[in-house]
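Written out below as structure tokens is the structure these notes cover.
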Amino acid sequence: MFRFSLVLTVLIALAAYFYAPALRWVVGNGKTLTAGVLLVTPASYISSITYKETGRTLLQNACYKGYIQIAELLLERGVEVNSRDNEGH
């Protein structure tokens, strides 16, 4: 049982390690269809993903770049709308 828990923990950590950058790339490049497929995780996790250089969330970045369909997908998913970036916006 312990081994299974350890393996599961490692797999979840690896998935999170690769998932966040993938979502950042998808949203940052306006890939609407791919974003729809990737947005299957809890909204709280999606809301916590930010761009390190700006501190923007995925929703803020989609809005900033004018990717309305991706912003709508994120809002439908229930992401946090009151987050602030590094400049306080």
Side-chain angles (χ1 to χ4, degrees):
M1 183 67 172
F2 176 73
R3 273 192 190 167
F4 177 74
S5 297
L6 180 60
V7 169
L8 186 60
T9 302
V10 169
L11 287 175
I12 291 170
L14 282 172
Y17 179 79
F18 290 107
Y19 190 76
L23 268 178
R24 276 191 217 95
W25 183 86
V26 165
V27 171
N29 290 289
K31 306 297 184 192
T32 307
L33 292 176
T34 309
V37 172
L38 288 174
L39 296 177
V40 294
T41 55
S44 59
Y45 178 70
I46 295 171
S47 296
S48 71
I49 299 172
T50 60
Y51 293 83
K52 291 180 177 144
E53 53 279 348
T54 61
R56 287 190 196 120
T57 64
L58 296 176
L59 177 61
Q60 290 169 328
N61 201 54
C63 292
Y64 178 78
K65 291 191 169 196
Y67 300 142
I68 295 170
Q69 290 178 323
I70 292 178
E72 288 173 344
L73 278 172
L74 291 163
L75 289 170
E76 287 172 12
R77 191 71 188 105
V79 299
E80 174 64 43
V81 296
N82 295 316
S83 299
R84 295 189 180 271
D85 65 10
N86 291 345
E87 296 179 4
H89 299 109

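In this text the structure is predicted, and so the values were computed from the model without any measurement.
Residues E80 and T57 have side chains not in contact (no heavy-atom distance under 4.5 Å, counting atoms from C-beta outward).
For the residue pair H89 and Q60, the shortest heavy atom distance occurs at O-NE2, 3.4 Å. The minimum heavy-atom distance linking G78 with A43 is given by the pair O-CB, 3.4 Å. Pairing each heavy atom of R77 with each of I46, the nearest pair is CG-CD1, 3.8 Å.
Annotation: the span from L58 atom CG to L73 atom CG amounts to 11.5 Å, rounded to 0.5 Å. Note: L74 CG to C63 SG = 8.0 Å, rounded to the nearest 0.5 Å.
No chain of hydrophobic side-chain contacts below 4.5 Å, direct or via other Ile, Leu, Val, Met, Phe, Trp or Tyr residues, connects V81 to Y64.
T54 is linked by a side chain to side chain contact (heavy atoms under 4.5 Å, CB included) to Y51, R56, counting only residues two or more places apart in sequence or in another chain. I68 pairs by the side chain to side chain contact (heavy atoms under 4.5 Å, CB included) definition with E72, not counting sequence neighbours.
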Got a list of side-chain donor-acceptor pairs under 3.5 Å for residues 20-30, not counting sequence neighbours?
unit_1	atom_1	unit_2	atom_2	d
R24	NE	T50	O	2.7
N29	ND2	W25	O	2.8

